[in-house]
Amino acid sequence: MTEIAERQLLYYTDLPKVELHAHLNGSISSNTMKRLVAKKPHLQIQNGMTMIDKGQKRTLEECFEMFRIIHQITDTAEDILLVTKDVIREFAADGVKYLELRSTPRASPTGMTKRMYVETVLEGIRQCKEEELDIDVRFLLAIDRRAGSEIAKETVKLAEDFLHSSDGLVLGLDLSGDPTVGHGKDFMEPLSEAKRSGLKLALHLSEIAGQEEETALLLNLPPDRIGHGTFLCNSSDLVETVKSNQIPLELCLTSNIKGQTVPSFDQHHFGFWYNLGHPSVLCTDDKGVFATDLSLEYQLVASTFNLTSEQVWELSRQAIDYIFAPESVKSHLKEKWTKLKPDVFRHIEGIPN
Ligand SMILES: CC(C)=CCNc1ncnc2c1ncn2[C@@H]1O[C@H](COP(=O)(O)O)[C@@H](O)[C@H]1O
Ligand SMILES: [Zn+2]
C-alpha cells in the first residue's frame with residue numbers, strides 16, 4: 001500500500017462514526033465465528049456458509065439461509081453474550097462512537113427464553129461499558145416479518161417492558177426478515193401500539209421491488225427511520241412522503257450489492273437521496289455476513305460518489321441527528337466530533353481531494 005493510501009485508510013478508521021443499522025447475528029466477525037464453530041463441530045460449518053467474501057454475490061434466498069445457519073451456531077445465552085461483546089468491541093475498534101444494535105429475541109431448546117435473550121444482550125452492553133470502550137451502545141428489538149403478527153405483539157410487549165427498565169438502553173423496534181414473506185398490514189396494529197408507548201421505529205421498507213402498497217401503508221405510521229428503501233425511488237408518491245416527513249434512511253451499500261438488490265455501487269440509491277440533501281446514514285447491515293465494516297462503507301461511498309473529506313465528515317456528523325437516544329446524547333456526541341476533527345484531518349494533510 002502506498003503512503004497516501006495508508007493515510008487515507010487511517011482517516012476513515014479514525015473518522016468518528018455512528019452505526020444505526022446492525023443486526024447482531026449478521027455482524028459476527030469471521031474471528032468470532034471461528035471460535036463458535038470450533039465449539040460445535042457436529043454442525044459441520046464451513047466459512048462460505050456464514051460469510052460472503054469479496055467479489056462474491058448471493059441471492060436474497062441464499063442470504064436468509066445463511067441467517068438460519070448462524071442461528072444454529074448462536075443458540076445459547078453464553079453464545080449471545082460472547083457475540084454481543086465481540087461485535088461491540090469490533091465496532092469500537094472501527095471508530096464507531098455510537099451504536100444502535102438490533103436483534104430478534106429468540107428462544108431456543110437450550111433453555112434460553114426471549115426475555116433471557118434480550119437480558120443477555122443488555123448484559124453484554126453493560127459489560128462492555130465496564131471495559132471503558134469509547135462507544136455508546138443502545139438496543140432495538142427486532143420483529144421478524146416471517147413470524148407473523150402474534151409474535152410481533154409479544155415482541156412489542158417485551159420492548160415496552162425493557163423501555164422502562166433498561167436505563168435507556170432499549171430505545172425501539174426494528175421490522176426486518178425476509179421481505180418476500182408476509183405483508184406489512186399484519187404489523188400496523190403492533191407497530192402503532194409501540195409508537196404510542198414511546199418506542200422508536202426503524203423499519204425495513206421497499207428492500208425489494210413491487211412493495212409500493214405495503215410501503216405506503218407503513219409510511220402512515222410514520223416510522224422514525226427507514227432501512228434500505230432501495231425501491232422507494234420507483235414511486236414519486238413514496239419519495240414525496242419520505243421527503244415531506246423528513247424520514248432518515250439507513251443505507252447499506254455492500255449489503256445491497258452482495259444481496260443483489262442493487263446492480264452496482266454507482267447505481268446505489270445513496271446518489272439519489274444525497275443529491276436531494278435528504279437525511280441519510282451509512283450503515284453496515286450485517287458486517288459479518290457481508291465481510292465489511294463501517295469505515296469501508298464510508299470509503300466506498302466517497303470513491304463512488306466523489307465526496308471530499310469534508311463532505312465525508314459532514315455525512316458522519318449529520319448521522320448524530322438521527323439517533324434514537326435523547327438530545328443530551330446528541331450534544332455530547334457533537335462535542336466529541338468537534339474535539340476529534342483536527343486529529344482525524346491531520347492524517348490527510350497535504351493530500352489533494
Ligand atoms: C438477505 C440480505 C441481502 C440481507 C440484508 N437485509 C436484511 N433484510 C431483512 N432482514 C435482515 C437483513 N439482514 C438481517 N436481517 C434480519 O436479521 C436477522 C439476523 O440477526 P438477528 O438474529 O436478528 O440478530 C435475520 O434473521 C433477519 O431477520
Ligand atoms: Zn437490515
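Remember, it's 1-based here, ligands and their atoms both numbered in the order they're listed. These figures come from a predicted structure and were not determined experimentally. Residue numbers start at 1 and run along the sequence shown.
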| request: Please identify which atoms of ligand 1 are closer than 4.0 Å to at least one heavy atom of S255. | output: 5 (C)
| query | Minimum heavy-atom separation for L199 to D224, with atom names? | reply | O-OD2, 4.5 Å
| message | I'd like to know if D79 and K40 make a salt bridge, using a cut-off of under 4.0 Å between side-chain N and carboxylate O. | response | yes
| query | Using 4.0 Å as the upper bound for N to carboxylate O, is an ion pair formed by K336 and D136? | reply | no
| With a cut-off of 2.8 Å, does H228 place any N/O/S atom under that distance from the Zn ion (ligand 2)? | no
| said: Below 3.5 Å, N or O to N or O, backbone or side chain included: is there any such pair between R106 and ligand 1? | reply: no
| Cationic N near anionic O, under 4.0 Å, E3 to R7 | yes
| remark: H23 NE2 to D285 OD1 via the Zn ion (ligand 2), rounded to 10°, gives 90°
| Considering only heavy atoms of S103, which atoms of ligand 1 have at least one such atom less than 4.0 Å away? | 21 (P), 23 (O), 24 (O)
| query | In the protein, what heavy atom is nearest to atom 19 (C) of ligand 1, and what distance, to one decimal place, separates them? | reply | F67 CD2, 3.8 Å
| said: Under a 3.5 Å cutoff, is there a donor and acceptor pairing between the side chains of Q211 and S206? | reply: no
| request: Could you tell me which atoms of ligand 1, counted from 1 in the order shown, lie closer than 4.0 angstrom to a heavy atom of D286? | output: 5 (C), 12 (C), 13 (N), 14 (C)
| Would R225 count as a cation-pi partner of F324, with NZ or CZ less than 6.0 Å from the six-membered ring centre and within 45° of the ring normal? | yes
| query | Are any of the side-chain heavy atoms of K57 and I52 separated by less than 4.5 Å? | reply | no
| note | For L24, the ligand 1 atoms with a heavy-atom partner under 4.0 Å come out as 24 (O)
| Polar-atom distance check: T104 versus ligand 1, any N or O pair below 3.5 Å? | yes
| field | Among the N, O or S atoms of H21, the one nearest the Zn ion (ligand 2) | value | NE2
| said: Judged on heavy-atom distance to atom 28 (O) of ligand 1, which of S27, C63, G177 sits nearest? | reply: G177
| Sub-3.5 Å N/O-N/O distance, E207 and ligand 1 | yes
| task | Would you indicate which of H23, H71, R68, E61 comes nearest to atom 16 (C) of ligand 1 when only heavy atoms are counted? | result | H23
| query | Relative to each other, are the rings of H204 and H21 parallel, tilted or perpendicular (30° and 60° limits)? | reply | perpendicular
